[in-house]
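Worksheet: one structure, shown below.
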Protein chains: 2
Amino acid sequence: MLRVERQRLHDVVVEHLRGFITEGILPPGKKLNERELCETLGISRTPLREALKVLAVEGLIDISPNRGASVSRMSELEIRETFELISGIEAFAGELACERITGQELSDIKSLHDAMVVSKNQNDLPGYYQRNQAIHDLINKAARNSELRQVYLSLNRRIQALRYLSNHQAPKWDRALRDHEEMIEALEARDGKTLSEILRHHLLDKRDAIMLMVRE
Amino acid sequence: MLRVERQRLHDVVVEHLRGFITEGILPPGKKLNERELCETLGISRTPLREALKVLAVEGLIDISPNRGASVSRMSELEIRETFELISGIEAFAGELACERITGQELSDIKSLHDAMVVSKNQNDLPGYYQRNQAIHDLINKAARNSELRQVYLSLNRRIQALRYLSNHQAPKWDRALRDHEEMIEALEARDGKTLSEILRHHLLDKRDAIMLMVRE
DNA sequence: GCTAGGTTTTTTGCATTCAAAATACAAAAA
DNA sequence: TTTTTGTATTTTGAATGCAAAAAACCTAGC
């Protein structure tokens, strides 16, 4: 039978705050006053503090002793390094995916790709980015390694706010679409090496675009 | 001037418990009674609970609502997947290290390798494993990506207890030593692809050895 | 007007307390 | 004897209270 586990308060709080941070409602550098947050969330300080500890381990906020917490403000170096790491992990996921992906998953990806092209032609930027993200997510899932997946998701959350910003800018369409077409070809050919190369450089391109945005 | 930040209690607790878990003093599956731990550590429940939340995010313990915490007992699948992920990350670190390693670091690794061979000839297993670990750690550092490093260390902590167990067993000397020699050759030749291949398979071999141990 | 020093206020860290859920236990019924 | 049900105890989850550190403020002196 399905066990109904009442969610604990601090878990709910973690999810809320995570959302606020990744969606940019709580911007980088924002000071998190405990009493203030308690009032808006309608809870006491104990569960809030537990939630803050969790978010700190996840790298979404910084806590300095006796000074309190603030939303992490990633330095350019941290952004570079995080993207580099993600590029490596995603490339590895691509290799694994080539060994393990099912026909169903592959055709799901193709459909998403087609939908993405439609979004592009309609100049629907949010739709485009959403489908783009979904494709990468599906490849990651197809790697069939839940530890890898957890790390991937955790790292992505940290740069989510940045992505949010850059999603208002149009990408280099031709390059991006060509990359995706080649990715699908490599997947169909189960060519892990090629796919991982494409993914790696695709990510590093994305990084460069975002680094430009951040600097301005 | 260096700011002396008095460590917070829960940070100290995290370090202590982490040590207890990775050194096997608190074995997998061990139930962690809050009151008991508070008494042995001489603190109240608030900082302890904060520490437990942190360890849960790190994956070292499991917390189930209203049931309390226990040291994570990794399933065979989790072990397989974690090693696979580490193999991918370490392979990537090797590629980066080939681009970025300094002469000094390279010669440090060579010294460690020589010391490791001596340990082996003296049948000094702890010494052998310690140097072995140190070599992998140096390669990882040479990748010059602190985000990668953090993830690497975090994942390694999770399998540390298992490593501890397997360290009482003698490895396949000839294979392990040959691997290490080839690793150093690849590093000297700055041959990233080759190094990453060696590292990946070296890790998967290690995994197989540990999987055998775990099953017994 | 600006700085230095001290005082007040706020905020954080931790202990304690209260409430709710889970577990252990014992007595009664099958 | 085994199962079930009601009660007591333990254990966890969350709120409150208290002390110490940091920040804000205010006054005196230049």
Side-chain angles (χ1 to χ4, degrees), chain A residues 1-21 25-73, chain B residues 1-21 25-73:
Chain A
M1 203 189 87
L2 194 70
R3 190 185 178 81
V4 269
E5 298 206 333
R6 195 173 61 88
Q7 275 212 86
R8 284 166 304 179
L9 218 40
H10 77 256
D11 283 331
V12 181
V13 173
V14 166
E15 281 167 36
H16 272 252
L17 291 178
R18 249 204 306 245
F20 289 162
I21 294 173
I25 298 171
L26 291 172
K30 170 81 177 177
K31 181 90 199 323
L32 301 176
N33 183 296
E34 289 185 5
R35 222 164 47 79
E36 226 173 85
L37 276 174
C38 286
E39 278 167 26
T40 52
L41 295 171
I43 55 167
S44 82
R45 281 178 58 218
T46 309
L48 176 73
R49 285 174 58 82
E50 292 179 350
L52 291 180
K53 295 287 170 301
V54 170
L55 294 171
V57 177
E58 293 184 351
L60 293 177
I61 67 173
D62 295 324
I63 303 182
S64 48
N66 298 321
R67 300 276 177 90
S70 57
V71 179
S72 287
R73 191 199 299 279
Chain B
M1 202 188 87
L2 194 70
R3 189 183 177 82
V4 268
E5 299 207 330
R6 195 175 60 88
Q7 276 214 84
R8 284 166 304 176
L9 217 40
H10 75 256
D11 283 331
V12 181
V13 173
V14 166
E15 281 167 35
H16 271 252
L17 291 179
R18 250 205 305 246
F20 288 163
I21 293 172
I25 298 171
L26 291 172
K30 170 82 178 177
K31 180 91 198 325
L32 300 177
N33 184 297
E34 290 186 4
R35 224 164 46 80
E36 226 173 83
L37 275 174
C38 286
E39 278 168 24
T40 51
L41 295 171
I43 55 168
S44 84
R45 282 179 57 218
T46 309
L48 176 73
R49 285 175 58 82
E50 291 179 351
L52 291 181
K53 295 287 170 301
V54 170
L55 294 171
V57 177
E58 292 183 352
L60 292 177
I61 68 174
D62 294 324
I63 302 182
S64 47
N66 298 320
R67 301 276 176 90
S70 58
V71 178
S72 287
R73 191 200 299 279

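All values below come from the heavy atoms of this structure, side chains included, with hydrogens, waters and symmetry mates left out. Just so it is clear, the structure is predicted and the values come from calculations on it, not from any experiment. Proteins get letters first, then strands, A, B, ... in listed order; numbering begins at 1 in each.
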I would like to know whether B:Val13 and B:His16 meet side-chain contact (heavy atoms from CB on, under 4.5 Å); could you show each step before the answer? CA-CA 5 Å; B:Val13 173; B:His16 271 252; 5.6 Å; no

B:Glu34: what forms a salt bridge (Lys or Arg N to Asp or Glu O under 4.0 Å) with it, not counting sequence neighbours? B:Arg45, B:Arg49

Protein-nucleotide distance (B:His10, atom NE2; C:dA15, atom P), rounded to Å: 12 Å

What integer distance in Å separates A:Leu9:CG from D:dA14:P? 5 Å

Reading 5' to 3' and counting Watson-Crick or G-U wobble pairs with both distances under 3.5 Å, write the dot-bracket notation for DNA chain C, | for bases paired outside the strand. ||||||||||||||||||||||||||||||

Round to the nearest Å and state the distance from A:Ile63 atom CD1 to C:dT12 atom P. 10 Å

Side-chain contact test, heavy atoms from C-beta onward, threshold under 4.5 Å: evaluate it for A:Ile63 versus A:Leu32 and give yes or no. no

Let me know the distance between CZ of A:Arg67 and P of C:dG13, rounded to the nearest Å. 11 Å

Check whether any side-chain heavy atom of B:His10 lies under 4.5 Å from a side-chain heavy atom of B:Leu48, and answer yes or no. no

Between D:dT16 atom P and A:Arg35 atom CZ, what is the distance in whole Å? 14 Å

Whether A:Arg8 and A:Glu50 form a salt bridge (side-chain N of Lys/Arg under 4.0 Å from carboxylate O of Asp/Glu) is what I want to check. no

Whole-Å distance separating the CG atom of A:Asn66 from the C1' atom of D:dA20: 8 Å

What's the CD-C1' distance between B:Glu34 and D:dT12, to the nearest Å? 6 Å

Closest heavy-atom contact between A:Ile21 and A:Ile61? CD1-CG2, 3.6 Å

Distance check: side-chain N/O of A:Arg8 vs OP1/OP2 of C:dA21, anything under 4.0 Å? no

Short side-chain N/O contact from A:Lys31 to OP1 or OP2 of C:dT12, under 4.0 Å: yes

Quick check on C:dT11: is either OP1 or OP2 less than 4.0 Å from any side-chain nitrogen or oxygen of A:Asn33? yes

Does A:Lys53 place a side-chain N or O at less than 4.0 Å from the phosphate oxygens OP1/OP2 of C:dG13? no

Close residues, residues 37-51 of chain A, relative to DNA chain C [heavy-atom separation under 4.0 Å]: A:Arg45, A:Arg49

Under 3.5 Å: donor-acceptor pair, side chain of B:Ser72, backbone of B:Gly59: yes

Measure the shortest side-chain to side-chain distance between A:Val54 and B:Val54 over non-hydrogen atoms and say whether it is less than 4.5 angstrom. no

Test side-chain contact (heavy atoms from CB on, under 4.5 Å) applied to A:Leu17 and A:Leu60, step by step: CA-CA 10 Å; A:Leu17 291 178; A:Leu60 293 177; over 6 Å; no

